[in-house]
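This report refers to the structure that appears directly beneath it.
In this chain, residues are counted from 1 in sequence order.
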Amino acid sequence: MILRYSNENDLILDQFAGGGTTLVEAKLLNRNIIGVDINNIAIDRCKEKINFNHKTANGKVSIRKGDARNLYFIENESIDLICTHPPYANIIKYSENLKNDLSRLKIKDFLKEIKKVAYESYRVLKKDKFCAILMGDTRQKGHIIPMSFEVMRIFEDSGFKLKELIIKEQHNCKATGYWKTNSVKYNFLLIAHEYLLVFKK
Ligand SMILES: C[S@@+](CC[C@H](N)C(=O)[O-])C[C@H]1O[C@@H](n2cnc3c(N)ncnc32)[C@H](O)[C@@H]1O
């Protein structure tokens, strides 16, 4: 995503920075990046991860504790690429009781809050630039819940136009064993992909 949709010295945003993967890659590829996360543990991890020197890695990384729903510290139309990975509602909880952590919300509430994320993403991104969101689905009481499609609609309703819909295959994840046992017992298929939604402003 970074190579395809940005240039050297561009400013990237990852407002759900987590363990800092996007930050590291941006630094290595000579892009500047703002990393935001609500969780101090993630912020500390990001700081550790980007603390390296490499001859050709000149991207500047700025890390900030904050809420993806309110990026007041980022000016309108100042970002060249958004490359991010929100929680999938409460499928994986990233904290026990951290206020404003979207990974504590049930799907309905999560989707309501994602609207604010989409709105802020649209506000800070420059016109004609791209916003890449990685999003997964889930299953409840045996039925698939296509959360990623809902998120896609929400971003479209905020003004973005869908440019690409990329399927990211994934196998042998931490929870695959658990789901495999249940999929045989209750007769359903395993989810083995996520969607990488690429929008253009
Ligand atoms: C799926 S993880 C990101 C993983 C990341 N792509 C990586 O490679 O490590 C989602 C992150 O969103 C953070 N988060 C949850 N609610 C947030 C909010 N309101 N604003 C910013 N970050 C939030 C969580 O703390 C978690 O670190």
Side-chain angles (χ1 to χ4, degrees), residues 1-18 20-23 25-26 29 31-38 42 59 62 64 66-92 94 100-103 105-138 144-170 191 193-201:
M1 288 294 109
I2 294 174
L3 282 172
R4 183 157 190 114
Y5 295 114
S6 72
N7 297 307
E8 289 202 354
N9 303 313
D10 272 0
L11 182 58
I12 300 178
L13 168 68
D14 181 355
Q15 63 270 57
F16 295 96
T21 316
T22 325
L23 311 188
E25 298 304 326
L29 294 168
R31 273 76 166 164
N32 303 319
I33 182 159
I34 303 174
V36 178
D37 204 286
I38 202 77
S62 139
R64 174 155 191 152
D67 189 330
R69 294 169 297 181
N70 182 4
L71 303 170
Y72 62 89
F73 47 88
I74 303 180
E75 279 182 25
N76 292 353
E77 312 219 322
S78 59
I79 300 291
D80 296 292
L81 168 67
I82 294 174
C83 194
T84 200
H85 180 195
Y88 307 156
N90 56 0
I91 310 309
I92 296 176
Y94 288 90
N100 298 328
D101 179 353
L102 302 186
S103 76
L105 300 180
K106 292 197 180 124
I107 294 172
K108 208 166 146 229
D109 296 327
F110 171 78
L111 292 173
K112 232 200 255 160
E113 298 310 308
I114 276 290
K115 269 190 194 148
K116 299 175 190 165
V117 175
Y119 181 88
E120 276 297 73
S121 300
Y122 194 82
R123 179 184 69 75
V124 300
L125 192 66
K126 291 180 186 168
K127 196 167 174 316
D128 294 325
K129 302 282 184 169
F130 295 90
C131 169
I133 311 278
L134 183 63
M135 199 65 213
D137 298 327
T138 189
I144 194 86
I145 312 284
M147 241 184 338
S148 51
F149 292 3
E150 307 266 3
V151 170
M152 182 176 81
R153 283 278 168 260
I154 289 170
F155 272 73
E156 286 180 325
D157 290 347
S158 303
F160 285 107
K161 285 213 156 70
L162 191 65
K163 171 80 177 170
E164 308 291 353
L165 181 55
I166 300 165
I167 292 172
K168 180 195 149 211
E169 278 189 47
Q170 53 174 33
I191 299 175
H193 66 279
E194 298 178 323
Y195 292 98
L196 186 46
L197 309 166
V198 183
F199 301 98
K200 187 173 183 188
K201 176 170 173 181

Shortest non-hydrogen contact between [X] and [Y], atoms and distance:
X      : Y      : result
Ile79  : Ile82  : CG2-CG1, 4.0 Å
Leu23  : Gly35  : CD2-CA, 3.6 Å
Val151 : Phe110 : CG2-CE2, 4.5 Å
Ser121 : Gln15  : OG-NE2, 3.1 Å
Ile38  : Asp101 : CG2-CA, 4.1 Å
Asn9   : Asn32  : O-ND2, 3.6 Å

With a 4.5 Å cut-off on side-chain heavy atoms, are [Y] and [X] touching?
X      : Y      : value
Lys200 : Asp128 : yes
Val198 : Leu162 : no
Pro87  : Ile92  : no
Ile145 : Ile107 : yes
Cys83  : Thr22  : yes
Tyr88  : Leu134 : yes
Leu196 : Ile133 : no

Can you tell whether the side chains of [X] and [Y] come within less than 4.0 Å, N to carboxylate O?
X      : Y      : result
Lys168 : Glu194 : yes
Lys127 : Glu77  : no
Asp10  : Arg31  : no
Glu150 : Arg153 : no

- For side chain to side chain contact (heavy atoms under 4.5 Å, CB included), just list the numbers for Glu156 and Phe199, CA-CA rounded to whole Å, side-chain angles, deciding distance to a tenth of an Å, and then say yes or no. CA-CA 8 Å; Glu156 286 180 325; Phe199 301 98; 4.2 Å; yes
[Y] backbone acceptor or donor facing [X] side chain under 3.5 Å:
X      : Y      : answer
Ser78  : Ile74  : no
Asp37  : Gly18  : yes
Arg123 : Ala118 : no
Asp137 : Met147 : yes
Ser148 : Met135 : no
Lys201 : Leu125 : yes
Arg69  : Leu102 : no

- Task: Given side chain to side chain contact (heavy atoms under 4.5 Å, CB included), test Leu13 with Leu71 step by step and report yes or no.
- Result: CA-CA 11 Å; Leu13 168 68; Leu71 303 170; 3.8 Å; yes
Rounded to the nearest 0.5 Å, how far apart are [atom1] of [X] and [atom2] of [Y]?
X      : Y      : atom1 : atom2 : result
Phe16  : Thr84  : CZ    : OG1   : 6.0 Å
Ser158 : Glu120 : OG    : CD    : 10.5 Å
Ile114 : Ile154 : CD1   : CD1   : 7.0 Å
Asp14  : Ile33  : CG    : CD1   : 5.5 Å

- Which class fits the ring pair Tyr122 and Phe160: parallel under 30°, tilted 30 to 60°, perpendicular over 60°?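 Correct class here is perpendicular.
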- Query: Aromatic rings Tyr195 and His193: how do their planes relate, parallel, tilted or perpendicular, breaks at 30° and 60°?
  - Reply: perpendicular
- Message: What I want to check is whether the side chains of Ser6 and Asp80 have a donor and an acceptor closer together than 3.5 Å.
- Response: no
- Message: With side chain to side chain contact (heavy atoms under 4.5 Å, CB included) as the criterion, how do Asn76 and Lys126 come out once you've worked through the C-alpha distance, each side chain's angles and the decisive distance to 0.1 Å?
- Response: CA-CA 8 Å; Asn76 292 353; Lys126 291 180 186 168; over 6 Å; no
- Which is it for Ser62 and Ile34 under the side chain to side chain contact (heavy atoms under 4.5 Å, CB included) test, yes or no, and what are the steps along the way? CA-CA 5 Å; Ser62 139; Ile34 303 174; 4.3 Å; yes
- Determine whether more than 12 heavy atoms belonging to other residues, nucleotides or ligands lie under 6.0 Å from atom NZ of Lys115. no
